[in-house]
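Before any comments, here is the structure.
Nothing here was measured: the structure is a model prediction, and the numbers come from that model. A note on names: the letters A, B, ... follow the listed sequences, proteins ahead of strands, and every chain is numbered from 1. Worth knowing before you read on, the calculation uses all heavy atoms, side chains too, and leaves out hydrogens, waters and symmetry mates.
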Amino acid sequence: MKRRYQPGGVELKWQSVWASKDPFRSIPEARPKFYCLEMFPYPSGKIHMGHVRNYAIGDVIARYKRMRGYNVLHPMGWDAFGLPAENAAIKEKAHPARWTRDNIAHMKKQLTRLGLSYDWSREFATCEPAYYGWNQWFFLKMFEKGLAYRKASFVNWCPSCLTVLANEQVIDGRCWRCESVVVQKELEQWFLRITAYEEELLAALDGLSGWPEKVILMQKNWIGRSEGLQIAFAIEGSADEIPVFTTRADTLFGAKFICLASKHPLAERFLESNKAGLEKIREHYGKMEEKHGLFTGHYAINPVNGEKLPVYVANFVLMEYGTGAIMSVPAHDQRDFEFARKYDLPVKVVIRPTSTGVASTGGPPEPERAFEDDGVLVDSGPFSGLESRAARQKVAEYIESKGVGRRVVNYRLRDWGISRQRYWGTPIPIIYCERCGTVPVPEKDLPVVLPEEVRFTGTGGSPLVSADSFVNVSCPSCGGKARRETDTMDTFVDSSWYYVRYCSRRDEPALDRANISYYMPVDQYVGGVEHAVLHLLYSRFFMRVIRDLGLSSIAEPFQRLLTQGMVCMETIRCPQDGWLYPSEVADGRCVKCGSAIERGRTEKMSKSKRNIVDPDQLVQTYGADTARLFSLFAAPPERDLEWSEKGVEGAYRFLNRIFTFVYDNLETLTGAGAQPPSAIAGGKSACGLVPCGLVRGKTPPLVRKTHQTIMRVTRDIEREYHFNTAIAAMMELVNALTAFSPADPEDAWQMRFATEKMLLLLAPFCPHIARELWDAIGMTSDIQLETWPGYDEDAAREDQIELVVQINGKVRARLMVPPGLPDEDLKAMALSEPRIKEMLSAGSIKKVFTVKGKLVNIVAQ
RNA sequence: GCGAGAGUGGCGGAACUGGCAGACGCGCUGGACUUAGGAUCCAGUGGGGAAACCCGUGGGGGUUCAAAUCCCCCCCCUCGCACCA
C-alpha cells in the first residue's frame, strides 16, 4: 500500500516525543555556546504570520547551529505587561492577569505546534513578580546612582482615557484608541538617565558590524549628536543673558533677531503684561504649521558687532533642544527666513555660494529662500572672505576668547520617561513620606507586588490610585504615614533586560554572573525593524547599567541583529461590503453580495484590511513544515515577503515529493545495495558516512550533486542566512534524486547517500518530516542531534565545464572542456571551433580575453 | 525637505569580488496516466523571428574587451526622521 504524506500525524507524533525528551535544553558546558534569540511576543491572544516568520527564521538558525556542534541557547517567553490587557479588563470584564495567562497558554500551544526548538525551562512572563521584581531592583540601583530621578515634564495626555500616551501612541495628534485630541500636560514623572551614556551609545554603534546599516543609522539620528557653539547674547538694559546654541557660527553676522521658546523662562518674564499673547503662541507650540511669533519689547546685543536684535517668542522654537532659544539668521535658515517674511524683519546675506561667480557683482539680491549651504563669508567684519568651515572655527575662537560663549556638543536624545498612569505594569518602588519625602522601597521589601484586587472603571485612570491597601503604607525610614507611588513602569523596561534573565533557568536565581558571562552576548537576535530605535536602544543602555553594576563585562547585548521584513498579502475589496477576507471570495466574486471584487495593492497583513492568513488554519491544512518552508522560501529574511496560497501549495508539493520518493524507493534505500561499495568505504572524509573518493575513477553525478548542494546550502546559511536560495538548492537535489534510477543495483548506495544528506540539510527547516523519513530509512539516531554534513570541494567539482566563447561580448559558441586547462589551451580551442573560425574569417582578431578558465571573449575587427 | 533601501519574465525571486541574465518555485502551454482531474508524472516556457539572428534587468548618458552589477543625471516605489537651530 502506498503511503501518503499526512503532515498532521507525522508532526504531532514527533512533537510529543520532543515534549517528553526535552532535547533543546541547554546548560553551560565546555562546548562553545550560541545564543539565538527572537523578540518575545506580546501575548495578545493568537500568533500571526509575522510571528511564524520571525520564529521560523530563528528556529532554523538555532537548529543549524546545534547541528554544527554549538551549545545553543534558544529561549522563549512573554512580554506580558501592557495596555491591551487592561482594555480587555474594561471591555470583557476579564482580569488582566487571567486574560494574559489564558493568552499565553494558547499561544504557547501554537508555538509548540510549529515545532520550534525552545528551551522551555527558561520561560517566564514579565508580569510575574519574580520577574518584574528585578525591574524594581534595577530601578533602585539606578536611583542610588542618580540614574533614576523625578522631574516635572510635559507629556502626551489623553483627556478621555485619562492616561499618558507614549509618543508612538499618538497618531496625528490624536489618541490611537479613542481619537481624542492629545494635549500636553505637565506631570511629575520618573526618568532614567539614558543621556548619561549618550556618547558611549553613539560611539559603540560603529563597532556593531553584525547590525544592519539602516538600524545603526536610525540610532545615530535618534541620538542626534551635533557640535556647535553656545553664545550668550546680552540684553539691552538688563543683566539677563540669552544663551543660544548654533551649529552655524559662520552666519553670526547675519543674525537679525532672537527667538525664544514659548516655555522659556525669559519669555514668561518679558511677556508678563501680555499673558494672553504668550498663551496664543503656546497653543501653536511645536506644531508643524505657519510660524507664529510675538515681539517681547526687548533687544539683545550681537557680541560680534554690537547690533541690536529684537527678541521674539516663536512657536517653532523647542524648549527641549539646545537652550530653548535661537539666534535667527533669515538669509541662511529657511525657518528664520519664513519668520522674517511674515513679521517683516530684515534679511542680511553673509554667505555666498563658492561656485558661482555672481557673488562679486551688484548689491545683495533679495533672496527667495534661505541659502543654507556652506560658502564664503561676506559682510562679516574681520571674518569676510573666509570659507564657512574655517569661519566656524575662527568665530568660535573669538567668542571663547571674549568669554561670551563656548563650544558645546548637543544631543537630541532625551532621558527616558518611564512613568505610566496605568495598572498593568511594574509598580515603581517609591514611597512618598510626609516627613522624609521621596523614599525608595528597601531592597529586602522587593518585589512590590501589583495588587490583583482592584476595580476597573474604564474612566478613572489607574485603578491603583484607589487601591487603598496598596497606596497607604508606612514610611520605611521613619515609620510615619506615607503614600506609595501609583504609577507603573513603561513596558519597555521589561524588554530591556529579558535576554539576560534567560541566561539562568526559571528555577535558578536571576542575574547569575557565571551564567551571564557564559551565554552573553546574544549571538543572533531576530525581530522586526519597528524596534530599531526604542527597544534596541533601551537594551543597549540597560546592558551598560548591568555592566556598571558589576554583573557582566560586556556592553553590547546583541552581537548580530537580523531585522526580518513584513509579511504582506494582496488586499481584496468588494464595492459593496468593503475589505474582504480571502475566504470571502469565490470565483472572483464577493460571497456576500456577488459583486465582482477589486484586487488592491499588496500590503502588510492587517486585520483592518483583512488580508490575513490564520496560522492555525495554515498548519491544519498543510502542516507546520510547509508553513515554515514557505515562510523561508518566498523571500530572503530581511526583505518583505509576499504571501501566496499557490506558493504554499508549491512548498507542500515539494515535501510530498520527498515523502513519496522515500517510501516508493524504500527497498532500494534500505536494501543490501544501499551500502557503499567496500572499495571506497573505510577512509575518512569530509562528508562523513561515505568517503568522497572516486568510484571507478569518477565521482558519480548524483554524489557530485549532493556535495554541491551541501556546499551551497551551507554557504547560503552562513552568508546572511539566505534560506530562500538554500531551499532552492535542496529542491534541485530532490529533482536530481527523483530523476535518478540506478543503472546497476550496485549504484543504489548513491541514492542512499544523497537521501541521507538531503534529509540532514532539510532538518533545520522542516524538522518533522526530516525526522520521520530519517526513521523510515532505518536510521536510529535523532536527526536533530546529528552533525551537519560536510562537503568535499573536489567531489563537488564538475568533470566537464562549459566553455563560453564570445565574439565582441556576444555568446557565439559553447563547448565542453575538462576543467583546469591553461588559458592558452582554452584560447586555442575557442579559435579552432569551426563556428568561431567561420565568423572570424572576415575580420582580424584584435585581442582575446580569458576569464577564470570558463569564458573566452574574442575582440575582432 | 533630509536620510536609507529597492526597481530584473505573467508573478515571488536568483545571479559570489564586473564575465553565459532569468537558478528555484508559482502560473501558463502541450502530452501521459485516468470514468474524472483543481491529483500525479513527462516536456516546454523572457520578447520578436520560419531561421540565421536581433532585442531585453525603471529611463537617459558614460567607463570597459565585457555592466543587472561601477560612475553621472532623471523617474517611480517603500521605509525611517521631520521646524533638532
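Comment: A/Glu227 does not engage A/Arg407 in a salt bridge, judged by the lack of any side-chain N to carboxylate O separation of less than 4.0 angstrom. A salt bridge between A/Arg392 and A/Asp374 is present, with a side-chain N of the basic residue lying under 4.0 Å from a carboxylate O of the acidic one. A/Glu320 and A/Arg414 are not joined by a salt bridge, as no carboxylate oxygen comes within less than 4.0 angstrom of a charged side-chain nitrogen.
Ring geometry, A/Tyr622 versus A/Tyr652: the interplanar angle exceeds 60°, so the pair is classed perpendicular (tilted spans 30 to 60°). Ring orientation note: the planes of A/Tyr538 and A/Trp416 are close to parallel, at an angle under 30° on the 30°/60° scale. Aromatic ring pairs are classed by plane angle as parallel below 30°, tilted from 30° to 60° and perpendicular above 60°; the pair A/Phe339 and A/Tyr343 is tilted.
A distance of about 33 Å separates the P atoms of B/A21 and B/A4, rounded to the whole Å. Of the C1' atoms belonging to B/C75 and B/A85, the separation is 34 Å, rounded to the nearest Å. Taking the P atoms as reference points, B/C72 lies 14 Å from B/G3, given to the whole Å. If you take atom C1' in B/C28 and the same atom in B/G9, they sit 12 Å apart, rounded to whole Å. Of the C1' atoms belonging to B/U17 and B/U69, the separation is 11 Å, rounded to the nearest Å. Nucleotides B/G25 and B/G62 are separated by 38 Å at their C1' atoms, to the nearest Å. Distance check on atom C1': B/A50 versus B/G38 gives 37 Å, rounded to whole Å. With C1' as the reference atom, B/U45 and B/C77 are 29 Å apart, rounded to whole Å.
Nucleic acid contact class of A/Val529 (heavy atoms, under 4.0 Å, all strands): none. In this structure, A/Ser226 reaches the sugar-phosphate backbone alone: every heavy-atom distance under 4.0 Å involves primed, P, OP1 or OP2 atoms, never a base. Using a 4.0 Å heavy-atom distance criterion, A/Glu320 is classed as making no nucleic acid contact. Using a 4.0 Å heavy-atom cutoff across all strands shown, A/Lys810 reaches sugar-phosphate atoms only and no base atom. Residue A/Asp640 is classed as a sugar-phosphate contact, given heavy-atom separations below 4.0 Å to backbone atoms only. A/Arg225 comes within contact range of no nucleotide atom at all, as no heavy-atom separation falls under 4.0 Å. Residue contacts shown for A/Lys646 are limited to sugar-phosphate atoms, with no base heavy atom under 4.0 Å away. Looking at heavy-atom distances under 4.0 Å, A/Asn857 makes contact with a base. Across all strands shown, A/Gly322 has no heavy atoms under 4.0 Å from either base or sugar-phosphate atoms. Among the protein residues, A/Arg653 comes within range of the sugar-phosphate backbone only, with heavy atoms under 4.0 Å from sugar or phosphate atoms but none that close to a base. Among the atoms of the strands shown, base atoms are found under 4.0 Å from some heavy atom of A/Lys291. Among the atoms of the strands shown, only primed sugar atoms or phosphate atoms (P, OP1, OP2) are found under 4.0 Å from some heavy atom of A/Leu217.
Listed pair A/Arg835 / B/C53 meets the phosphate criterion, a side-chain N or O lying under 4.0 Å from OP1 or OP2. One finds a side-chain N or O of A/Arg719 lying less than 4.0 angstrom from the OP1 or OP2 phosphate oxygen of B/A15. A/Arg601 has a side-chain polar atom (N or O) that falls below the 4.0 Å cut-off from OP1 or OP2 of B/U78.
Each of B/C20, B/C65, B/C55 was ranked by its minimum atom distance to the side chain of A/Val859; first place goes to B/C65. Here the side chain of A/Ala635 is nearest to one of B/A66, B/C24, B/G13, namely B/G13. In this structure, of B/G19, B/G27, B/C24, it is B/C24 that holds the atom nearest to the side chain of A/Phe633. Residue A/Ala634 places its side chain closer to B/G12 than to any other of B/G12, B/C20, B/C53. For A/Thr725, taking side-chain heavy atoms from C-beta onward, the closest of the listed nucleotides B/A85, B/A23, B/C20 is B/A23. Closest contact between the side chain of A/Arg412 and the listed nucleotides B/C16, B/G27, B/A82 involves B/A82. Between B/C54, B/C24, B/C81, one nucleotide has an atom nearer to the side chain of A/Asn735 than all others, and that is B/C24. With B/A85, B/A15, B/G12 as the choices, the nucleotide that has an atom nearest any side-chain atom of A/Thr247 turns out to be B/A85. Distances were taken from every side-chain heavy atom of A/Ala728 (C-beta onward) to each of B/C65, B/A15, B/A23; the shortest belongs to B/A23. Side chain of A/Arg812, nearest nucleotide from B/U78, B/C53, B/C24: B/C53.
Using modelled atom types, no side-chain atom of A/Asn724 and backbone atom of A/Ala634 make a donor-acceptor pair closer than 3.5 Å. Under the 3.5 Å distance criterion, the side-chain polar atoms of A/Arg657 are left unmatched by any main-chain donor or acceptor of A/Asn735. Using a distance-only test at 3.5 Å, with no hydrogens or angles considered, no donor-acceptor pair links the side chain of A/Asn410 to the main chain of A/Ser226.
When rounded to the nearest whole Å, the span between CZ of A/Arg715 and C1' of B/U17 equals 13 Å. Rounding to whole angstrom units, NZ of residue A/Lys214 and P of B/U78 are separated by 15 Å. With rounding to whole Å, A/Glu213 atom CD is found 12 Å from B/A6 atom P. If you take CD of A/Glu570 and C1' of B/G10, they are 14 Å apart, rounded to a whole angstrom. We find that CZ of A/Phe723 is positioned 14 Å from P of B/A14, with the value rounded to whole Å. If you take CG of A/Leu733 and C1' of B/C24, they are 13 Å apart, rounded to a whole angstrom. For the pair A/Glu642 CD and B/A6 C1', the computed distance is 15 Å after rounding to whole Å. Look at CG on A/Leu655: it is 13 Å from P on B/U40, rounded to the nearest Å.
Within 6.0 Å of the NZ atom in A/Lys342, the count of heavy atoms belonging to other residues, nucleotides or ligands exceeds 12. Applying the 6.0 Å contact sphere to CD of A/Glu838 captures no more than 12 heavy atoms from other residues, nucleotides or ligands.
With RNA chain B read from its 5' end, the first of the two nearest nucleotides for A/Met839 and A/Met731 is the one closest to A/Met731. The nearest heavy atom of RNA chain B to A/Asp716 and to A/Asn808 marks one nucleotide each, and the one closer to the 5' end goes with A/Asp716.
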Apply side-chain hydrogen bond (donor to acceptor under 3.5 Å, both in side chains) to A/Glu732 and A/Gln708, showing your working. CA-CA 10 Å; A/Glu732 282 188 50; A/Gln708 289 171 345; over 6 Å; no
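The glycosidic torsion of B/G10 lies more than 90° away from 0, which places this base in the anti conformation.
Paired runs in RNA chain B that reach 3 or more consecutive Watson-Crick or G-U pairs, where each pair keeps both distances under 3.5 Å, cover B:1-5 with B:77-81, B:10-12 with B:24-26, B:27-32 with B:40-45, B:46-48 with B:53-55, B:58-62 with B:70-74.
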